[in-house]
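Everything numeric in this text was worked out from a predicted model, so none of it was measured. One-based numbering, in listed order, for ligands and for the atoms of each. Side chains are part of it too, since the values below use all heavy atoms of this structure and drop only hydrogens, waters and symmetry mates. If you read the sequence from its start, that first residue is 1, and numbering goes on from there.
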Amino acid sequence: MSPAKDGRGLLLGFPDYADPARNLAAAAGLDYAEIAVHRFPDGESRIRLPAQLPGRVVICRSLYQPNDKLIELALAAATARELGAKHLTLAAPYLCYMRQDKAFHPGEAVSQRIVGKFLASHFDALITVDPHLHRVSRLGDAVPARRAVALAATDAMAAYLDGRLDNPLLIGPDAESRQWVAAIARRKRLEFYVAHKERAGDTDVRVALPEAGYQGRHVVLVDDIASTGRTLEAAGRELGKHGPASVTVMVTHALFISDALEHIRSAGVDEIWSSDSIPHPTNRIKLVETMAQALRDPG
Ligand code: R5P
């Protein structure tokens with residue numbers, strides 16, 4: 001770990017997201033160093049940062065499987081302040097705990113609000129991609145930091161799609177996906193539709209497709225998160241009944257819990273392209289330029 005050079009900001013990465021973090025630092029014109037993490041046998045973590053830090057520090061970590069990561073992030077942020085950081089930004093391409101935005105049953109924690117306040121208590125600014133905001137429309141309402149930026153993966157997705165499929169037909173599997181599917185369609189002047197989804201349980205999902213000419217078309221399903229994969233599986237199965245030439249999935253956050261991928265593939269999906277917000281073998285779409293632009297922008 002080399003101390004940061006004077007005058008430039010420093011981006012600190014964690015070992016579980018080191019390559020994208022290093023690339024982000026280079027693209028944003030920041031120096032880079034890696035935070036050393038040691039896990040003790042009892043599950044506690046020891047965190048080590050460079051001994052001297054510049055005034056501007058960005059900590060980059062994708063917050064999938066978040067529980068240990070959140071504690072380590074708090075240790076890193078508090079230590080960064082002690083070592084000289086005056087302005088701390090969290091660059092979290094995947095932001096955790098955004099879906100539990102109300103108490104669905106009496107006594108449930110509203111995790112979005114609690115985790116949001118926790119992050120805002122440590123960081124001056126937050127930059128993330130496609131946070132799952134449902135009943136809350138602004139990221140700043142969920143994470144009340146001085147600056148809270150919600151970027152979209154749609155520019156990177158549109159660029160990746162370019163020239164890969166002949167006249168693709170874009171489908172959003174549910175009402176919430178309209179924002180992403182419409183943004184890509186607008187940029188590329190493509191036809192798009194949004195399906196209707198009903199979810200009866202974690203793995204019990206039904207999707208009804210709108211009337212459209214699917215036969216012989218290269219269909220691309222666009223969504224923000226694939227978790228159990230049941231949304232994309234249900235949409236893929238419905239599409240299969242209409243004889244498309246191919247079905248491709250394009251998704252920002254590749255959580256793909258447990259057997260999610262098998263379920264999606266078993267529905268006749270040919271290709272799965274995810275962004276690198278969460279490291280996964282399906283990563284094809286790089287978010288580095290999208291995130292670097294936001295870091296270069298002083299806000
Ligand atoms: C829901 O509104 C989201 O946009 C995704 O469609 C959903 O989170 C996907 O979850 P799963 O993969 O478990 O169906």
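- Legend: residues meeting side-chain contact (heavy atoms from CB on, under 4.5 Å) with Pro210, ordered by chain and number and at least two apart, are Tyr193, Ala195, Tyr214.
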Distances only, to 0.1 Å: what are the N or O pairs between ligand 1 and the protein that fall under 3.5 Å?
unit_1   : atom_1 : unit_2 : atom_2 : d
ligand 1 : 2 (O)  : Glu176 : OE1    : 2.2
ligand 1 : 4 (O)  : Asp223 : OD1    : 3.2
ligand 1 : 4 (O)  : Asp224 : OD1    : 2.6
ligand 1 : 6 (O)  : Asp174 : OD2    : 3.4
ligand 1 : 6 (O)  : Lys197 : NZ     : 3.1
ligand 1 : 6 (O)  : Asp223 : OD2    : 2.6
ligand 1 : 12 (O) : Ser227 : N      : 2.7
ligand 1 : 12 (O) : Thr228 : N      : 3.2
ligand 1 : 12 (O) : Gly229 : N      : 2.8
ligand 1 : 13 (O) : Arg199 : NH2    : 3.0
ligand 1 : 13 (O) : Thr228 : N      : 2.8
ligand 1 : 13 (O) : Thr228 : OG1    : 2.6
ligand 1 : 14 (O) : Arg199 : NH1    : 3.2
ligand 1 : 14 (O) : Arg199 : NH2    : 3.0
ligand 1 : 14 (O) : Thr231 : N      : 3.0
ligand 1 : 14 (O) : Thr231 : OG1    : 2.6

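- Between the side chains of Arg99 and His134, not a single donor N or O lies within less than 3.5 Å of an accepting N or O.
- Looking at every heavy atom in both residues, Ala158 comes nearest to Lys188 through O-CE, 3.6 Å.
- The pair Asp259-Arg230 meets the salt-bridge criterion, since a charged nitrogen lies less than 4.0 angstrom from a carboxylate oxygen.
- A tilted orientation is assigned to the rings of His280 and Phe256, their planes being inclined by 30° to 60°.
- Cluster annotation: Ile171 is not connected to Met250 through the hydrophobic network of ILVMFWY side chains, with a link wherever side-chain heavy atoms come within less than 4.5 Å.
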